[in-house]
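Data block below; observations after.
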Amino acid sequence: MNRATLIALYAIIGHAGAFNLPSITDIFKPPSPAASKFTTKNDELQLVQAISNTGNGKDADIETQTRVLSIVRRLETNATPSPTLLSNPVESKLLDGDWFLQYTAPSEIDAGDAAVSSDDKWVAVDGAEGDSNIETRQFKNAGSVSGGGIPVSAASAIQSFDIEESRVKNEVPTGFGKVTVGGTFSQSPTVPLRALVAFDTAKIELNVGLTIDISFLFDIRAAIQGSKDAGWLETTYLSNDMRIGRGNKGSMFILTRDQDAVKP
């Protein structure tokens, strides 16, 4: 037996624990699919295809909703954002700016509607956010969002983050004009990826040129609830091209940087 062979055998034996055989196969084990950027990008492409031609979610049948939630959970599980996303200025740049809402639906499908795997279910942690007493409920209207308490179509809705000013804004078109709702946000003390939003601005710009300011409603709400925090927004997946989030009222939404990334 030559010297090189002896050295190789010694190396293998030396790395084996008492009564344990060295796991030689681990040396050649391929990367886990969960860690593969290619797999994550492929899931993004599948998700874009699944939500296309669904009218922002309102035309999605149960089979499509189930498929979408399955892909969403895969992305959320395999590529969870950094817990310092909202506190690290460098990381938060990825969140900054405009995002176009492409799909919105309930965070979970009722058991009576379809057989949904328990792996595809997402459960909010401390939804009421302690003393903030934030309202939580199951979202029902797929393909719609709430603008100042007014249910409106999600088509062409934009959500904008201003990281430097710690503000978030939703702009939602309606049949009679545009609803703009905005406020400051802060990182949740219990859920790092959750932004607590204290709304302070609500305006309705009518098509006829008149603007109605209903921002005072948030002051009334804060006085009644005892907290300015009116909602929360949790980012569960984030890349250069796509963001997936969950809301305190049971909604799941998918947004993209490119307005035309999804066929409506």
Side-chain angles (χ1 to χ4, degrees), residues 40-76 79 94-110 113-114 116 120 122 138-162 168-182 202-208 231 233-264:
T40 299
K41 193 62 182 178
N42 187 51
D43 283 340
E44 274 195 21
L45 293 174
Q46 289 186 40
L47 187 55
V48 167
Q49 292 176 353
I51 64 177
S52 289
N53 303 307
T54 63
N56 295 93
K58 63 179 180 294
D59 298 329
D61 56 24
I62 293 299
E63 182 179 351
T64 299
Q65 291 181 49
T66 303
R67 172 171 166 72
V68 168
L69 281 179
S70 179
I71 300 173
V72 164
R73 286 301 293 138
R74 199 156 63 232
L75 285 168
E76 290 176 330
L94 190 60
L95 184 63
D96 199 35
D98 295 341
W99 293 89
F100 295 91
L101 182 63
Q102 304 287 7
Y103 182 92
T104 182
S107 273
E108 64 179 72
I109 300 173
D110 291 338
D113 294 333
V116 181
D120 294 337
W122 182 86
Q138 181 61 39
F139 180 79
K140 296 294 183 182
N141 300 319
S144 68
V145 294
S146 178
I150 306 170
V152 294
S153 168
S156 303
I158 302 174
Q159 185 169 82
S160 304
F161 272 91
D162 184 338
V168 63
K169 178 179 67 175
N170 295 331
E171 292 184 356
V172 187
T174 70
F176 51 82
K178 181 176 69 175
V179 177
T180 301
V181 180
K203 296 181 179 180
I204 303 175
E205 299 177 38
L206 301 176
N207 293 331
V208 295
L233 173 66
E234 192 166 332
T235 297
T236 54
Y237 174 78
L238 181 65
S239 72
N240 289 321
D241 305 310
M242 179 179 289
R243 179 164 67 88
I244 298 174
R246 307 278 186 160
N248 61 290
K249 294 188 177 180
S251 58
M252 182 278 293
F253 39 89
I254 301 168
L255 308 96
T256 62
R257 284 291 194 191
D258 180 4
Q259 184 176 10
D260 300 320
V262 176
K263 295 180 181 179

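Values below: all heavy atoms of this structure, side chains included; hydrogens, waters and symmetry mates excluded.
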Spatial distance of atom CZ (R257) from atom CG (N240) [nearest 0.5 Å]: 8.0 Å
Heavy-atom check, side chain of V72 versus side chain of L47, under 4.5 Å: yes
Residue pair V172, K178: steps toward the side chain to side chain contact (heavy atoms under 4.5 Å, CB included) verdict: CA-CA 6 Å; V172 187; K178 181 176 69 175; over 6 Å; no
Spatial distance of atom OG1 (T180) from atom NZ (K203) [nearest 0.5 Å]: 8.5 Å
Intermediate values then yes/no, side chain to side chain contact (heavy atoms under 4.5 Å, CB included), F161 and K169: CA-CA 7 Å; F161 272 91; K169 178 179 67 175; over 6 Å; no
Set of residues satisfying side chain to side chain donor-acceptor pair (under 3.5 Å) with respect to T256, sequence neighbours excluded: Q102
Check: I244 main-chain N/O paired with T236 side-chain donor or acceptor under 3.5 Å: yes
Derivation of the side chain to side chain contact (heavy atoms under 4.5 Å, CB included) call for I254 and V68: CA-CA 10 Å; I254 301 168; V68 168; 4.0 Å; yes
Flag, side chain of Q65 to backbone of A60, donor-acceptor distance under 3.5 Å: yes
Exercise: identify the closest heavy-atom pair between A50 and R67: CB-NE, 4.0 Å
Test ring-ring contact (aromatic ring centres under 6.0 Å, His included) applied to Y237 - qualifying residues, sequence neighbours left out: none
Contacts of T64 that satisfy side chain to side chain donor-acceptor pair (under 3.5 Å) - sequence neighbours left out: D61
N207 versus G175, closest heavy-atom pair with distance: ND2-O, 3.2 Å
S160 and E171 side chains, donor-acceptor separation under 3.5 Å: no
Stepwise side chain to side chain contact (heavy atoms under 4.5 Å, CB included) test for D162 and V168: CA-CA 6 Å; D162 184 338; V168 63; over 6 Å; no
Euclidean distance, L233 CG relative to Q159 CD, rounded to 0.5 Å: 5.0 Å
From Q259 atom CD to L101 atom CG, the distance as rounded to the nearest 0.5 Å: 11.5 Å
Residue pair Q49 / K263, side-chain heavy-atom distance below 4.5 Å: no
Side-chain touch M252/L69, heavy atoms, less than 4.5 angstrom: yes
Considering all heavy atoms, the nearest W99-L94 contact: CZ2-O, 3.5 Å
From I158 atom CD1 to D98 atom CG, the distance as rounded to the nearest 0.5 Å: 5.5 Å
Minimum heavy-atom distance I204-F176, with the two atoms named: CG2-CE1, 3.6 Å
Donor-acceptor contact below 3.5 Å, side chain R246 vs main chain S107: yes
Between CG on residue L75 and CG on residue L238, distance to nearest 0.5 Å: 11.5 Å
Modelled atom types, side-chain donor and acceptor of T54 and D59, under 3.5 Å: no
Nearest atoms (heavy-atom pairs only) where V48 meets A261: CG1-O, 3.4 Å
